Amino acid sequence: MSTTKNTVFINNEEHAFEQGEMILRLLRRVLGDDPVPTLCDAPNLEPFGSCRVCSVEVALKQDGPKKVQASCHTPVMANSYIYTHSEKINRIRKNIVELVLTDYPKEKFEEANPSQNELKKVAAQVGINMSDVRYQPGKKNLNRTPDENHAYMRASMDTCINCYRCIRACDEVQGEMVLTMEGRGFDNKVVMGMNEGFKESDCVSCGACSQACPTGAITDIYASKFNDATKTERTVCTYCGVGCNLDVATKDGDIISITAPYDSEVNQGHTCLKGRYAFQFYNHPDRLKTPMIRRDGTLQPATWDEAYDYMTEKFTQIREANGPDAIAGISSARCPNEENYLMQKFIRAVIGTNNIDCCARVCHSPTALGLQRAFGTGAATNSVKDIQYTDCMMVIGANPTDAHPVTGAKMKQAAMKGTKLIVIDPREIALARYADYHLQLRPGTNVALLNMMMYYIISEGLVDKDFVDNRTEGYEDFVSNITNLDLDKMEEVTGVDRNLVREAAICYATAPNAMSFHGLGVTEHSQGTFTVMQIADLAMLTGNIGRRGVGVNPLRGQNNVQGAADMGAQPHQGAGYMDVTNPTFHKQYETFYGVDLPEHIGYKIPEMFDAAIAGDLKALWIIGEDVVQTDPNTDKVKRALTSLDMLIVQELFMTETALLADVILPGASFLEKSGTFTNGERRVQRVNKVLEPIEGTKADGQIIVDMMNRMGYKQADYAPDTMLEEISQIVPFFKGITWEGLGKNGKQWPVPEDGSSTEIMHVDQFKRGKGKISYFDWKESKEIEDNGSEYPYIITTNRELEHYNCGAMTRRTNNVQILTEDVLLINPKDAKDIKVKDGEMVCVTSARGKVDIKAKVSNEVKPGVMSTTFHFPEIMVNLITSDVHDSEAKCPEYKVVAAKVRKSKGKYAEKSEEQLAKA
Amino acid sequence: MSENLSALSGRKGLEKNLFEQLVEKSKVEGTPDNEDLKSLAHEYLMGEAITYGTASFYDFLKKDHRHVKAHVCNGSACLVAGTQENVKTKLLEHYRDEEIGHMCCLGRCHENSAFNINGNNYSGNAIEQLDKITSSHIASLTDNYKVSSNVENPILTGERLTAAGFASLFQKVLTNGADWALEQIKDSNIRGRGGAGFPMGIKLESCKNVSGDQKFIVCNADEGDPGAYSDRYLLEAQPMLVLFGMMVSGYIVGADKGALYIRGEYPESVRAVTKAVEELSEHGMQGKKIGGSDFNFDFKVIEGAGAYICGEETALLSSLEGQRPEVRVRPPYPTQRGLFNRPTVVNNVETQAAIAWIVKNGGKKYARFGTSKSSGTKLVCLDSFFMNPGIYEIEMGTPFKEVVHDFGGGFKENVKAVHVGGPLGGIVPTHKIEILSLDFESFANEGFLLGHAGVVSIPEKFPMIRYLEHLFEFTGAESCGKCFPCSIGSVRGKEMFEKARNGETRIDRQLLDDLLEAMEDGSLCALGGGLPLGVKNALQYFDDELRTYFK
């Protein structure tokens, strides 16, 4: 037998091992999934060594003395002999499991299913049953009160075997540290928080503990790992742009639970409470189940044919009378690529206008535009995985632990372990606690702050000259501008100490690899596109582009907002980002669609509203977007929608927007159709149909196809594979994508013909050739200039973990038990000034309107700045937000609202008193 | 063992230490209140569960410790001496039952009747003067034991090293350099005195070779084996020796911080070392630019809070970080990723204390003491059953009977066995004393363990079944609870022996053997893994006495 440094013998058979590999990993690799029993090991947790059941015997030479070693945490020694099932090992395992059974409830053990309960499985593997236990009855830890108060989490700790998996999952995966052992030795018991219940603790309901638990001591209301599902289908989450893979378990056509697959490259067995638990909306009684047409002022049920006929007739009429530009469509970033592609195709090729847009307009349109201008491609340059390779993370205008929880958890994990973290945000977001630098700027001053950072990068001599010389243009102009920066003024307007900015700039610039992440706190400003370009500038000045652990990485909001834009759901570029006014591309599209296409750019969403009010836009088809609740300046949005001749709303629920519709089309949820979503790191993943669309509803793609055919354009029935085939022929970066080829984990575009995936972009050169470095002066927001003196406070809007956007879905799940309403965060000083106590109602007025909302006194915001959400229609926070837009991409400035705030009067004051009394 | 918690705790480091804060917060009420735990958790960026879970682990921090004012020593030596009951009875005259807790070995094994009041330890006849103690808060009464050695120029028990002596000896190290110092230690062949016997030179070298801008030296002064009070002697009588060893270690590996984790059961040791550190500061031998060189070194004294497992080096590191002191898996070894995830050398008090002699006289000279595999001398602690209880510095390889007879002066009464090396050591029947020599190999070859070389005598009259029950009980009480064989096995073992002693159920020998095997081979650390040795010794040598308890 050969003896090399990588040789090991398993049960006397020679194998090769990898340096540093643990024995258990080797055994799994060589012998298959379950080579030795284990109770404490879990796929996404560090080796822990508590159960000792995975022990094996190891001899350093053939027939040498053997030692019992736990395989999970013992590295393989070269030329050693590993025995997995020796007589001694079999005996020790059995005797350890016997000990475990002495403190396990007998009845529950007998009832347990070995394919679900890992203790029962392991007991069978080692050959012991409850009746075989030889110990006399003794001390037990079985007397634990079940915890049944939480919206989702459940605990009945009598079946806890103290394997620590839950505690480790809460720490190593989610990073929340809600669970601990209390006591010592045999008396150890897992407790939540300070021995409270899940509900009272700081639990974020991610369910990582429940997924980790081997016996179901910690589980959830769905008993996710312990129910009698008959089928499991893997799909992609419909909530945020992280793109978590989900295993959806069904029985008799109902979804009974969701878990996270460990082999998912995106989420590695983790997900958040929205992905894991908030699926109850899908068959909620409120689901729209029939088309409706407004007749005599009220929405009345109709057949699909009636609805289609009505729409066809109206579209035709309007097009004839007012031209195709009187019709517009808003596609849905919640829908798959294929449906977005179809919608823009319908508007362009069937109606004959470029009036197509999607919610990217109100979130990341400045990112797409800004990065296109700077790099040539409007998408993340790197992958989330790069967090593990970077030395410095700069998070600007994003709150990932709430809005992108799985990515947020990864950032938190890295930050806790020492990766440098710079947070630029007006609020003290959760990540700010772990940050090396928190630059808590006044909303609306991103450009000023980033200019300060770049000023210092230049003045400290930290520019990567090689990168700038070889790969960029515009540097000289940039330097001549930035060196004249008025630091005194910038410091004053941002409210951030210049030394802190300087230190943060040095931190970013000197890190071997620095990456940035940004969210809507960057884009939803009047200078949003410029800010994106500044973030690109920062990366280029410091050479942080084109390798692992660097880049500019927008955290895309909706599950498929990247895809909706990729597919051409925007008025200036068609599928694949080709300019509709460019004759070559225009011709290409005309040939491909086989029709004449318009050559001028269409309306962006805000322009659609203006056009509707002006009487130029007559019909609007909105899919899966509640513009009334979520777009700024609600009154104006309502005025626009009610000015239309025909508003079509394709939805799951009767949203605030749907209430105004002339035609309602009941669409299908992500669980009821197939297609692909593209996440924030450009990863195109398969969405697999779990259930048939519930009765009365249709896959949204099929609805569009039906209408295309009605309107005389021949389009085959909706199917994801054939749709993808069509898309791959027109979208250049989808060239190598096929439905089958996407596999389990999808592919990151650009995917060339050979089908390879792209984790990092702009490695050797930018899409546009040289990267463009640009300088921008900071400009005070028009909102502040016009209204700032009359309305002294600045309100900024944000999201909470538990709810998604307008809340149409999450409010129809138990998530409402966890977060029940929108509140306004007020700094204690401001609260004192306006004489408001925590929990009282305040009246907030802006130049647009007023709302009454409950105050939450908090240090999360600085004096002068307040923050709130718009998840609940009861409040309608967007009554006060402004429709001032980003100068370039027309993204609304949700983040800066000048407001007056006082204690509520009248009925709201009474409500306030009631609530205080209750508290 | 959480990498996250290590890192978060490391943000504040040793200077403002989380564990120290927890201990501090417990001083008034006997346990930190929940508000303190919450605010510490927030301050250190951890979940509230973390500080709560940590506090619940320790005898002197947990909720049950609220209002406890007096502690009775429940260590093995006081148990076999039979003094605990009297101490408790006397204390009850001054305190309510719930105000009396216990401490596991105050290191007063030489005279027993040990107890602790208001942070002071007492033993011997002090319990008879309780009125005086409670009224006037006398710091200490008697604590007399013999100290001597069978080597001429003792390594550990010689003349007390002063701060000035420390400074001049360290100057020699600075002059000769770190490589020279490491060479001396390697030449000395000194092995760790904590029990595992790992060569110190190799440990230092491996830490030196790990790159890292921050490294730590940790002195494990929490080895609380009942019966072993040699560390206490060194900390109180020879603190400079211990500090010197740490500083040399730091100089060798490139560490500028040293932590001494001292048992909370040794309040005098904490005070003595704290005072010694202050003296060093006065002599410019602590802080920046030690002895005018570029070498910086700070000492930090941390007081434990009542958990035997913290003597296990990885549990100790977790404790220092404010985590629950649960034993970690290795790798990573502390020299690779130790305190606050940084390279760390952990050494026992006695090992550190030998370094001064080694650099003064040369490593090769040290190696001349003892045997080829066990070089140097070993401190042996003899308990109150000996005519001459005390600390004896014995050259390795010395016949054990010389220690027992020549130094100990023999036994005061009939003793059937000596338990050497703490609760996890071997139970040596008296007839085996004759054939053992004092070194790692001789004890191992005979199926015993030298360990820490504390000697607890088991008198003829003390039932072996009760002693074995005590060992299981001790392990059960001190188990961190992480690994299944130890946490569950120790309790089942205790129940087995208790039921046998009560006459309820005789012991199934096969079941006991299975239990001992599962614990010995299956446990994560030496606590569960070490307990079976003594039990097996007793089963072998005291079969006659124990037979009636078996089926």
Side-chain angles (χ1 to χ4, degrees), chain A residues 39-40 46-53 55 67-68 70 72-75 88 91-92 94-96 98-100 102-103 134-136 138-139 161-164 167-168 170-172 175-188 191-195 201-202 413 416-418 433-434, chain B residues 1-5 7-8 10 34 37-38 41 45-50 52-54 56-59 62 307 309 324 326-331 341 475-492 495-496 499 504-505 508 510-511 514-515 517-518 521-524:
Chain A
L39 286 167
C40 69
E46 292 292 316
F48 191 65
S50 71
C51 79
R52 320 304 291 171
V53 177
S55 292
K67 217 177 152 198
V68 177
C72 65
H73 67 84
T74 306
K88 182 181 176 84
R91 188 171 62 234
I92 289 177
K94 187 176 170 185
N95 291 333
I96 294 173
E98 182 182 13
L99 285 170
V100 178
T102 63
D103 192 26
R134 296 167 291 171
Y135 291 93
Q136 296 285 317
K139 192 171 171 184
I161 58 170
N162 285 7
C163 68
Y164 289 71
I167 296 173
R168 290 146 64 205
C170 195
D171 173 354
E172 294 171 22
E176 216 59 35
M177 302 172 183
V178 167
L179 300 171
T180 183
M181 279 291 178
E182 178 181 346
R184 182 162 96 198
F186 185 88
D187 298 333
N188 266 356
V191 298
M192 297 91 203
M194 303 178 77
N195 196 11
S201 76
D202 295 330
Q413 289 290 343
M416 284 195 286
K417 292 180 182 70
R433 289 180 73 203
Y434 304 90
Chain B
M1 64 162 215
S2 156
E3 191 184 346
N4 285 333
L5 292 174
L8 291 174
N34 280 0
L37 294 174
K38 267 185 200 172
L45 307 177
M46 298 168 181
E48 292 169 1
I50 302 305
Y52 178 84
T54 295
S56 73
F57 190 98
Y58 295 92
D59 289 343
K62 62 185 183 186
I309 199 63
R324 288 169 56 81
E326 286 153 353
V327 176
R328 304 177 180 185
V329 296
R330 299 182 192 81
N341 296 331
T475 306
E478 299 296 347
S479 168
C480 75
K482 175 172 167 178
C483 83
F484 294 5
C486 174
S487 63
I488 313 173
S490 57
V491 169
R492 295 293 168 250
E495 289 165 353
M496 208 184 274
K499 287 188 167 86
E504 275 180 61
T505 316
D508 172 347
Q510 182 60 49
L511 181 59
D514 284 347
L515 173 64
E517 183 185 45
D521 292 324
S523 292
L524 173 59

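Model, not experiment: these values are computed from the prediction. In what follows, chains carry the letters A, B, and so on, assigned in the order in which the sequence lines appear, proteins first and then strands, with residues in each chain numbered from 1.
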Max heavy-atom pair count under 4.5 Å with chain A, selected residue of [options]:
{"options": "B:T54, B:L515, B:L37, B:N341", "result": "B:L515"}
{"options": "B:R492, B:K62, B:E517, B:M496", "result": "B:R492"}
{"options": "B:S479, B:C486, B:A7", "result": "B:S479"}
{"options": "B:A307, B:G481, B:A49", "result": "B:A49"}

Using non-hydrogen atoms only, which part of [X] is less than 4.5 Å away from chain A: side chain, backbone, both, or neither?
{"X": "B:T505", "value": "side chain"}
{"X": "B:D59", "value": "both"}
{"X": "B:R328", "value": "neither"}
{"X": "B:V329", "value": "both"}
{"X": "B:A477", "value": "backbone"}
{"X": "B:S490", "value": "neither"}
{"X": "B:E478", "value": "both"}
{"X": "B:I309", "value": "neither"}

Tell me, side chain or backbone of [X] under 4.5 Å from chain B's heavy atoms, or both, or neither?
{"X": "A:L39", "result": "side chain"}
{"X": "A:L179", "result": "backbone"}
{"X": "A:V100", "result": "both"}
{"X": "A:V53", "result": "neither"}
{"X": "A:N188", "result": "side chain"}
{"X": "A:D171", "result": "both"}
{"X": "A:E182", "result": "both"}

### Task
Indicate whether the side chain of B:N4 and that of A:Q413 have a donor and an acceptor atom separated by less than 3.5 Å.
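A:Q413 and B:N4 do have a side-chain donor-acceptor pair below 3.5 Å.
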Can you tell me how far [atom2] of [Y] sits from [atom1] of [X], rounded to the nearest 0.5 angstrom?
{"X": "A:K417", "Y": "B:L8", "atom1": "NZ", "atom2": "CG", "answer": "9.0 Å"}
{"X": "A:C163", "Y": "B:K482", "atom1": "SG", "atom2": "NZ", "answer": "12.0 Å"}
{"X": "A:Y135", "Y": "B:E495", "atom1": "OH", "atom2": "CD", "answer": "10.0 Å"}
{"X": "A:N195", "Y": "B:Y52", "atom1": "CG", "atom2": "OH", "answer": "4.0 Å"}
{"X": "B:E326", "Y": "A:R184", "atom1": "CD", "atom2": "CZ", "answer": "11.5 Å"}
{"X": "A:K67", "Y": "B:D521", "atom1": "NZ", "atom2": "CG", "answer": "9.5 Å"}

### Test item: B:F484 and A:L99 side chains (from C-beta on) under 4.5 Å apart, heavy atoms
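Sidechains of A:L99 and B:F484: no contact.
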### Message
Just so I know, are the side chains of A:T180 and B:M46 near enough to count as touching, which here means a heavy-atom distance under 4.5 Å?
### Response
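They are not in contact (no side-chain heavy atoms under 4.5 Å apart), so the answer is no.
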### Query
Can any side-chain N or O of B:R324 pair as donor or acceptor with the backbone N or O of A:M181 at less than 3.5 Å?
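The answer is yes, because a donor-acceptor pair under 3.5 Å joins these two groups.
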Heavy-atom closest contact ([X] atom, [Y] atom, distance):
{"X": "A:H73", "Y": "B:P331", "result": "O-CD, 3.6 Å"}
{"X": "B:P485", "Y": "A:C51", "result": "CD-O, 4.4 Å"}
{"X": "B:C483", "Y": "A:G49", "result": "CB-O, 4.2 Å"}

#### Entry: Partner of B:D514 by side-chain hydrogen bond (donor to acceptor under 3.5 Å, both in side chains), out of A:R134, A:R91, A:K94
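The residue from A:R134, A:R91, A:K94 that satisfies side-chain hydrogen bond (donor to acceptor under 3.5 Å, both in side chains) with B:D514 turns out to be A:R134.
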### Message
So which residue, A:I167, A:I161, A:V191, A:V178, ends up with the most heavy-atom pairs under 4.5 Å with chain B?
### Response
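Of the candidates given, the most pairs with chain B belong to A:I161.
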### Task
Go through A:N162, A:D103, A:T102 and name the one with the most non-hydrogen pairs under 4.5 angstrom from chain B.
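It is A:T102.
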